[in-house]
Amino acid sequence: MPSIFTKIITGEIPCYKIAEDADNFAFLDINPNAQGHTLCVPKKEVDKILDMDEAAYMKLMAFSRKVGRAIEAAIPCKRVGMSVIGLEVPHVHVHLIPLQSMQNATFQHKVSMTPEEFENTASKIRKHLK
Ligand code: 5GP
């Protein structure tokens, strides 16, 4: 059965899309730690990041770097944190989180955003992608 992230990538489930290339897909996390919290996901389903083959892992990291730099340019923050957890969804994803403080990195404090705020945030980040 396809993962929830595969369903997002194929368009079966909607998302606030940020970017896509041949191997990877980025969209806003629906329950963000901070405005701009984004997930970068390889199109090929693998559960654990350390099980990815090296080439796919390097491509995911390069893609995440590109998306992370756009987030840093678009969203006021001290820096963008990168985190890989995967305890909820067994399909590799890199969390990119705009950080103001350690609180944004804990996954225990969430921000609520309206659909309009999600769309505006995604649009701002997309504008900084080259
Ligand atoms: P983890 O597996 O790293 O613990 O967390 C999974 C992340 O995926 C969570 O931050 C959660 O909010 C996010 N997430 C789970 N389901 C969906 C979904 O349907 N859409 C989006 N955009 N994010 C999701």
Side-chain angles (χ1 to χ4, degrees):
M1 183 170 149
S3 76
I4 191 152
F5 290 163
T6 293
K7 289 184 181 172
I8 286 174
I9 291 164
T10 59
E12 202 179 319
I13 292 177
C15 73
Y16 299 96
K17 182 176 171 180
I18 302 295
E20 176 177 15
D21 69 11
D23 303 293
N24 300 288
F25 196 98
F27 53 95
L28 294 180
D29 194 299
I30 206 65
N31 189 20
N33 292 13
Q35 184 203 1
H37 181 169
T38 297
L39 303 175
C40 295
V41 181
K43 291 181 178 177
K44 182 177 173 200
E45 265 188 49
V46 174
D47 177 0
K48 298 190 280 182
I49 193 163
L50 300 183
D51 289 342
M52 291 179 81
D53 71 58
E54 190 173 341
Y57 172 84
M58 297 305 279
K59 283 182 187 170
L60 174 63
M61 285 301 129
F63 179 79
S64 300
R65 176 178 180 272
K66 189 173 165 183
V67 173
R69 288 169 70 94
I71 295 170
E72 207 164 68
I75 307 293
C77 62
K78 289 188 174 160
R79 60 181 59 219
V80 169
M82 207 185 242
S83 173
V84 177
I85 314 288
L87 288 172
E88 182 186 329
V89 179
H91 180 161
V92 172
H93 48 285
V94 175
H95 293 263
L96 297 173
I97 307 163
L99 302 176
Q100 288 296 351
S101 73
M102 196 58 196
Q103 178 172 292
N104 304 120
T106 64
F107 293 86
Q108 313 223 314
H109 300 268
K110 299 291 181 173
V111 297
S112 94
M113 289 170 60
T114 65
E116 193 185 12
E117 286 168 336
F118 272 112
E119 195 40 70
N120 289 341
T121 300
S123 164
K124 266 196 226 166
I125 297 169
R126 286 195 299 263
K127 279 187 192 137
H128 283 87
L129 278 167
K130 296 187 187 89

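Position 1 is the first residue of the sequence, and the numbers go up from there.
- Between Lys44 atom NZ and Asp23 atom CG the span is 10.5 Å, to the nearest 0.5 Å.
- From Lys78, atom NZ reaches atom CG of Asn104 across 9.5 Å, with rounding to the nearest 0.5 Å.
- Panel note: side chain Arg126, backbone Lys17; a donor-acceptor pair is recorded below 3.5 Å.
- Closest non-hydrogen pair, Phe27 versus Cys15, comes out as CB-SG, 3.8 Å.
- Using a 4.5 Å heavy-atom threshold, the side chains of Leu129 and Lys66 count as touching.
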Trace of the side-chain contact (heavy atoms from CB on, under 4.5 Å) decision for His37 with Asn31: CA-CA 9 Å; His37 181 169; Asn31 189 20; over 6 Å; no

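- In plain terms, the two heavy atoms of Tyr57 and Met52 that are nearest each other are N-CE, 3.9 Å.
- Hydrophobic clustering of Ile, Leu, Val, Met, Phe, Trp and Tyr side chains at less than 4.5 Å, counting indirect connections, keeps Ile71 apart from Phe25.
- Taking each heavy atom of His91 and Pro42 in turn, the nearest pair found is NE2-O, 2.8 Å.
- Note: the hydrophobic cluster containing Met113 also contains Ile30 (ILVMFWY, side chain heavy atoms under 4.5 Å, direct or indirect links).
- Residues Ile18 and Leu28 form a side-chain contact, since some pair of their non-hydrogen atoms from C-beta on lies under 4.5 Å apart.
- A chain of hydrophobic side-chain contacts below 4.5 Å, direct or via other Ile, Leu, Val, Met, Phe, Trp or Tyr residues, connects Leu50 to Phe63.
- For Arg65, the CZ atom counts as loosely surrounded, since its 6.0 Å shell holds 12 or fewer non-hydrogen atoms of other residues, nucleotides or ligands.
- Note on ring orientation: taking the six-membered ring where Trp is involved, the planes of His93 and His95 are perpendicular (angle over 60°, cut-offs 30° and 60°).
- Put simply, CE on Met102 and NE2 on His109 are 11.0 Å apart, with the number rounded to the nearest 0.5 Å.
- Between the side chain of Glu45 and the backbone N or O of Pro90 there is no donor-acceptor pair closer than 3.5 Å.
- When all heavy atoms are compared, the tightest approach of Ile8 to Pro14 is CG1-O, 4.4 Å.
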Residue pair Tyr16, Thr121: steps toward the side-chain contact (heavy atoms from CB on, under 4.5 Å) verdict: CA-CA 9 Å; Tyr16 299 96; Thr121 300; over 6 Å; no

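- Heavy atoms of other residues, nucleotides or ligands lying less than 6.0 angstrom from NZ of Lys59 number 12 at most.
- The two residues Asp21 and Asn24 come nearest to each other via the heavy atoms OD1-N, 2.7 Å.
- Residue Phe118 is not grouped with residue Ile4 when hydrophobic side chains (ILVMFWY) are merged at heavy-atom distances under 4.5 angstrom, including chains of intermediate members.
- The structure places CD of Gln35 at 14.0 Å from CD1 of Ile97, a figure rounded to the nearest 0.5 Å.
- Annotation: the span from Glu72 atom CD to Leu99 atom CG amounts to 9.5 Å, rounded to 0.5 Å.
- Of all heavy-atom pairs spanning Leu96 and Cys40, the tightest one is CD1-SG, 3.6 Å.
- For the pair Val80 and Thr38, the minimum side-chain heavy-atom distance is 4.5 Å or more.
- The number of heavy-atom neighbours closer than 6.0 Å to NZ of Lys110, taken from other residues, nucleotides and ligands shown, is above 12.
- Listed for the Ser123 side chain is no donor-acceptor partner under 3.5 Å among the backbone atoms of Glu119.
- A chain of hydrophobic side-chain contacts below 4.5 Å, direct or via other Ile, Leu, Val, Met, Phe, Trp or Tyr residues, connects Met58 to Val84.
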